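Right, one structure below, let's go through it.
Chain A is the first sequence line, chain B the second, and so forth, proteins listed ahead of strands; every chain is numbered from 1. Since this is a predicted model, take the numbers as computed values, not measurements.
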Amino acid sequence: MKSLEVTLRAVRENGRKALVPYFVAGATPDWVRHVEAAALGGADAIEIGIPFSDPMMDGVVIQEAGLRALQAGTTFESIGRQLTSIDTEVPLIAMTYYNIFLHYGLARSAGRLHEFGLSGAIVPDLSLEESDEWRTSCGEHDIATIFLVAPSTPAERIKEVARRSEGFLYASARMAVTGASSDQGDGARVVANVREASDLPVYVGIGITTPEQAATTAAVSDGVIVGSALVKVILNGASVHDVENFVRSFRDAIDTTFEV
Amino acid sequence: MKSLEVTLRAVRENGRKALVPYFVAGATPDWVRHVEAAALGGADAIEIGIPFSDPMMDGVVIQEAGLRALQAGTTFESIGRQLTSIDTEVPLIAMTYYNIFLHYGLARSAGRLHEFGLSGAIVPDLSLEESDEWRTSCGEHDIATIFLVAPSTPAERIKEVARRSEGFLYASARMAVTGASSDQGDGARVVANVREASDLPVYVGIGITTPEQAATTAAVSDGVIVGSALVKVILNGASVHDVENFVRSFRDAIDTTFEV
Amino acid sequence: MSNIGVMGDPDERGHFGDFGGRFVPEALMPACLELEEAFRDAWADPSFINEYRTTLSQFVGRPTPVTPLPRLSEKLGLRLYAKREDLAHTGSHKINNVVGQTLLTRRMGKTRIIAETGAGQHGVATATGAARLGLACTVFMGEVDTVRQELNVFRMELLGARVVPVTSGSRTLKDAVNEAMREWVTCVADTHYCIGSVMGPHPFPWMVREFQSIIGIEAAAQLEELGAGTPDLVVACVGGGSNAAGIFAGFANSDARLIGVEAAGGAAVASGSPGVLHGMRSLLLQDEFGQIEEAHSMSAGLDYPGIGPEHAYLADSGRAEYFAVGDEEVLDAFSLLSESEGIIPALETAHALAWITREVGALIPRGATVLLNLSGRGDKDVAQVRQLLKGES
Amino acid sequence: MSNIGVMGDPDERGHFGDFGGRFVPEALMPACLELEEAFRDAWADPSFINEYRTTLSQFVGRPTPVTPLPRLSEKLGLRLYAKREDLAHTGSHKINNVVGQTLLTRRMGKTRIIAETGAGQHGVATATGAARLGLACTVFMGEVDTVRQELNVFRMELLGARVVPVTSGSRTLKDAVNEAMREWVTCVADTHYCIGSVMGPHPFPWMVREFQSIIGIEAAAQLEELGAGTPDLVVACVGGGSNAAGIFAGFANSDARLIGVEAAGGAAVASGSPGVLHGMRSLLLQDEFGQIEEAHSMSAGLDYPGIGPEHAYLADSGRAEYFAVGDEEVLDAFSLLSESEGIIPALETAHALAWITREVGALIPRGATVLLNLSGRGDKDVAQVRQLLKGES
Ligand SMILES: Cc1ncc(COP(=O)(O)O)c(C=O)c1O
Ligand SMILES: Cc1ncc(COP(=O)(O)O)c(C=O)c1O
């Protein structure tokens, strides 16, 4: 079992709902400080988005952040360099598109992820069927490969995906790309389907925008992922302190509801 | 034999080369005075152009004159009214396109031509083959129908055309629409061809621009027709006196050459 | 070829009843006679017919299909079919005639071709046919039209043609014809004048109809194959009338009602009277003095003050009926066909459809089988329609 | 139908050698699987094949002819033939694929279709196919392109489609694909994404090639009929590669050399490297970090930084060869075909001809029989070429 999964299973065993905020690396100069602030604010794991020119699964907010990062010269390596200065124990998970790793070399990428201190990777355009080589490479460097399931994924396929996913299973709450949304979506149903197939922790993401939504969703899952809502705040100029408070507001809402 | 032909044959019999200037009726307010001036200047017959919207056989100068005339409200009837004031013995010949007469009614048109004091008609887009009805109407009103032959007209056809033409035969000096030209054209050849087929007077027109050209052409024919060169002078603002001098310059050149 | 010539041929002087004939300057008479002879000879020569047919199939893309229009049929309560001249090379039926005349030009030993054009359809088609055979080509186009249709001017230039802006008269199509005639007089020995519709002096109206009759011959056979039988109505727009004559030719001997649709602003049958213009006796828009009036239609291809003499005759004899539609109806029909069937028609064609949509349940009984001649594609008109519909420029 | 599938089919996961596959968000996987199954089922169903073939013949105007190009052949010292996709409805081969996919959409019980478009060719074709079947249609188009090609936007609107300007990324074709994918995720239950070339996730590259293979199947038979036999070379331009794949399909099992011609500014084979984009593994233009680069070609249809995976495979295996040509050569070829043969080609097509004219006597032996896929007509490009040649706007 990969370290990430060990850690995240422990979170669940401790009766804690996981909170996983998402950052676009390089979107602002002080993004590493934002990551630290999120850890202080109560994150259980943090997604580090590596920007890609063609982010097919992302809505406008994350597209915009990615564009800013690319225009600022952000690369896989520059992100790694900046991460060496990070001061946190919270596990970091890379999130990017497959071409970034493929072009860099799969084995080399997995090795660098590990050297950069990342312990997992989410690659939304890498389907299960095409993932063998990447999973092999990750296996050699203790990188957990995290897969998504969607409301459209049939039961049989959920089983297959869950069997390959490590760390947690990313349950998409809706048929949509990343972006804020006001309704609850289908997260509960997706989680219920996954539960029948797997005991892997299931985190719900895509469209979780408010602390209240997060709390409700956490109630039926093992954790929540907060992406666009947070990135939007950052694009609007949030300070390190703002980021910490933002994350804490989610933490508190989740924890209050479940009286940990 | 139509009166016009009687007159024009007499001109030839008198050893005189005919000079036939062309006017666009209505092109200028004093066009009737111009016609009188031409008669004074030595014309043997005068063509009176009735303007038509689509003068297919005319070049830019006569087109322009026709347009001015139409814009000034010139009609077949207005021309007739204005001609009642004319003071000349020189025969007048209408020149226009077939639709003018057709629309007005062929019999009625021929009658009006006669009432207006005209004794012939040239209708360049009325082919021999289509001319029976018009010739019949003209026959009833002593209007001579004058046909053209062109450099392209074959010998056999010249015979046919000459047989139907009255007053004179209009020999086109070139394959072109009306307009000034600097060369002599094919007039001599056309006339020679006609001579073999007919003893009708043959006048050459199309492109006769200078007195010298007129003189040379008259040498090989029974007369010349001067159109665009004269109309151009008129469009440029010629006075009645100018017109008389213009025509006389042609008359003199012709007569000097042939020492009548 | 047995079907060619199903519409009655004109008499030996080119008369269709009271109309037609040959009203040209004497200088052009020999050319008209030579052309008539050359055409008669070619049209009876299997090798010419074969060349014509082969060019139509290999170069033009014939046969063009007959397309059933199921969604529009349902909307209108008709069985509606379209003969797809929009799919012919250069985008309209005009090329059929050009193929015939360019081949004939070469056969006559002439090396140059001239043509008139309004919006540019016939000009582009002629430049195309000339390029294919390596003939020199000059196109006369009203100056006003060269400005309105500058892209078509460039198209012709690309195809190697020279475009001469005509500055006489109203500077539009009618004047382009005059100018082409004037030019033809000067060069008739080596140059053929490729008239673009069933108009002009004999043999043009007849010859152009023959070259376009392929439309109707194909369509009749295709409707049979589709199981649609003989249509109740055959409907075509009429500018000079070549696409209408071409499709009528396939149905003249049938029970089909033949309908020609003119633009209200250029309705020679409804608003014209007999007259002579451009070498023919036909129905013309003219004022009380016999001066020709300008036609006014948003559709350049229908912006002609006359109609081919055979149509005047068909109207006279009652074998075909002619109606006029206005610009707004036409715009509606243009959109209707586009969104119902995925075919953007030429504005000219939209006239024919506008009449159909207007007359369903009135002059057209519900359930009738109607064949629309889709004479051309609307790409050329899209900018203009956009301006009209959106009020932008 | 025996000829369909002559190019090798991909493996069950959609791989052509090292290329292809299915790299999409999990949310789209079921749709891709469903589509694959639906396509396999339909493509084996004579009634579907019949519907597809009937629509191609009755609506699109197939077969398009193969045209001998005698004058250009003589100039170049070749035996040159053109397969005339420019004569297909909407003016290019794009409609063949659209007909297949729209029929499949209806068969799958979906009521809406979305598409990406660059200059608008595929968008207009999709809007056309959708209108014909009464499917709702939304087309994604880079904002930059909606401005450059505003008439095509209006065309799509006329056809009843909604056009969504894409403001992300470079605001051109590549971003339109991204946006269409993003949209598809949200509506996959009732909506089909009609990809416009042999690209995207399995089964698109295979399916689109199959829907385009009619080009090559027809052409091979037509060349036989013309007595031209098997051509020495088959030459097509390559954007995503659908017209090339379609014509190659008719000759893959012959001795003909298969040549794909890319725009120098978008030459995925010459200048690209393996990568994953838009659901497929193929050759892509990318920088040292794996960021996709924008292609730059004056020809909008070739302005794509990738190439279909089957072409990457054909290049790899040596069965087909790929070359690049630059803008000036293309303009020359554009004019050459126009004035020599009376066919104004699409700028995309002119790339293929430019390669031919460049390589006669070099890579192409004189006297060779060459089949050019004339993928589309140049009307859409005339304004742009005019500006380039005349330096006007
Ligand atoms: C598409 C189309 N339809 C119809 C016409 C009208 O011509 P005709 O009446 O000769 O068919 C034109 C003329 O340009 C045209 O382009
Ligand atoms: C006429 C034409 N040819 C070629 C192409 C390139 O596409 P493909 O490579 O898929 O044939 C396009 C694309 O728009 C096109 O419009």
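- A salt bridge does not link C:R386 to D:E157: none of the charged nitrogens lies less than 4.0 Å from a carboxylate oxygen.
- Donor-acceptor pairing under 3.5 Å is recorded for the side chains of D:T191 and D:R112.
- Between chain D and the residues C:T55, C:T64, C:I343, C:V60, the largest count of heavy-atom pairs under 4.5 Å involves C:I343.
- Checked for salt-bridge contact, C:K380 and C:E348 meet the test: a charged N lies under 4.0 Å from a carboxylate O.
- Neither the backbone nor the side chain of D:A125 comes within less than 4.5 Å of any heavy atom in chain C.
- At a 4.5 Å heavy-atom cutoff, the contact between D:R71 and chain C is made by side-chain atoms alone.
- Closest approach of D:A219 and D:I247 over heavy atoms only: CB-CD1, 4.5 Å.
- Proximity to chain D involves both the backbone and the side chain of C:R155, based on heavy atoms less than 4.5 angstrom apart.
- With a 4.5 Å cut-off on non-hydrogen atoms, D:V66 touches chain C through its backbone but not through its side chain.
- Only the side chain of D:P70 has a heavy atom closer than 4.5 Å to any heavy atom of chain C.
- Using a 4.5 Å cut-off between heavy atoms, D:R377 touches chain C through its side chain atoms alone.
- For chain D, the nearby part of C:S340 is the backbone; its heavy atoms alone come within less than 4.5 Å.
- Of the atoms belonging to D:V124, not a single heavy atom falls under 4.5 Å from chain C.
- Defined by atom type and a distance below 3.5 Å, a donor-acceptor pair is missing between the side-chain atoms of C:E85 and C:S375.
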- Can you list the steps and then say if C:R132 with C:T102 is a side chain to side chain contact (heavy atoms under 4.5 Å, CB included)? CA-CA 9 Å; C:R132 174 158 174 85; C:T102 48; over 6 Å; no
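- Note: D:P68 leads D:S335, D:P68, D:G160 in heavy-atom pairs under 4.5 Å with chain C.
- When heavy atoms are compared at a cutoff of 4.5 Å, D:L337 does not approach chain C at all.
- The residue among C:P63, C:A161, C:P65 with the most heavy atom pairs within less than 4.5 Å of chain D is C:P65.
- Of all heavy-atom pairs spanning D:T105 and D:Q101, the tightest one is OG1-O, 2.6 Å.
- Contacts between D:A127 and chain C at a heavy-atom distance below 4.5 Å are absent for every atom of the residue.
- In terms of heavy-atom pairs under 4.5 Å with chain C, the best-connected choice from D:D379, D:I344, D:V385 is D:D379.
- For D:S57, the part lying near chain C is the backbone, with the side chain staying farther off; criterion is any non-hydrogen pair under 4.5 Å.
- Ring geometry, C:F211 versus C:F48: the interplanar angle falls from 30° to 60°, so the pair is classed tilted.
- Among the candidates D:T67, D:L159, D:T128, the residue making the largest number of heavy-atom pairs closer than 4.5 Å to chain C is D:L159.
- Side chain to side chain, D:T369 and D:R79 meet the donor-acceptor criterion of an N or O pair below 3.5 Å.
- Under the 4.5 Å side-chain criterion, counting only non-hydrogen atoms from C-beta, C:F154 is in contact with D:K390.
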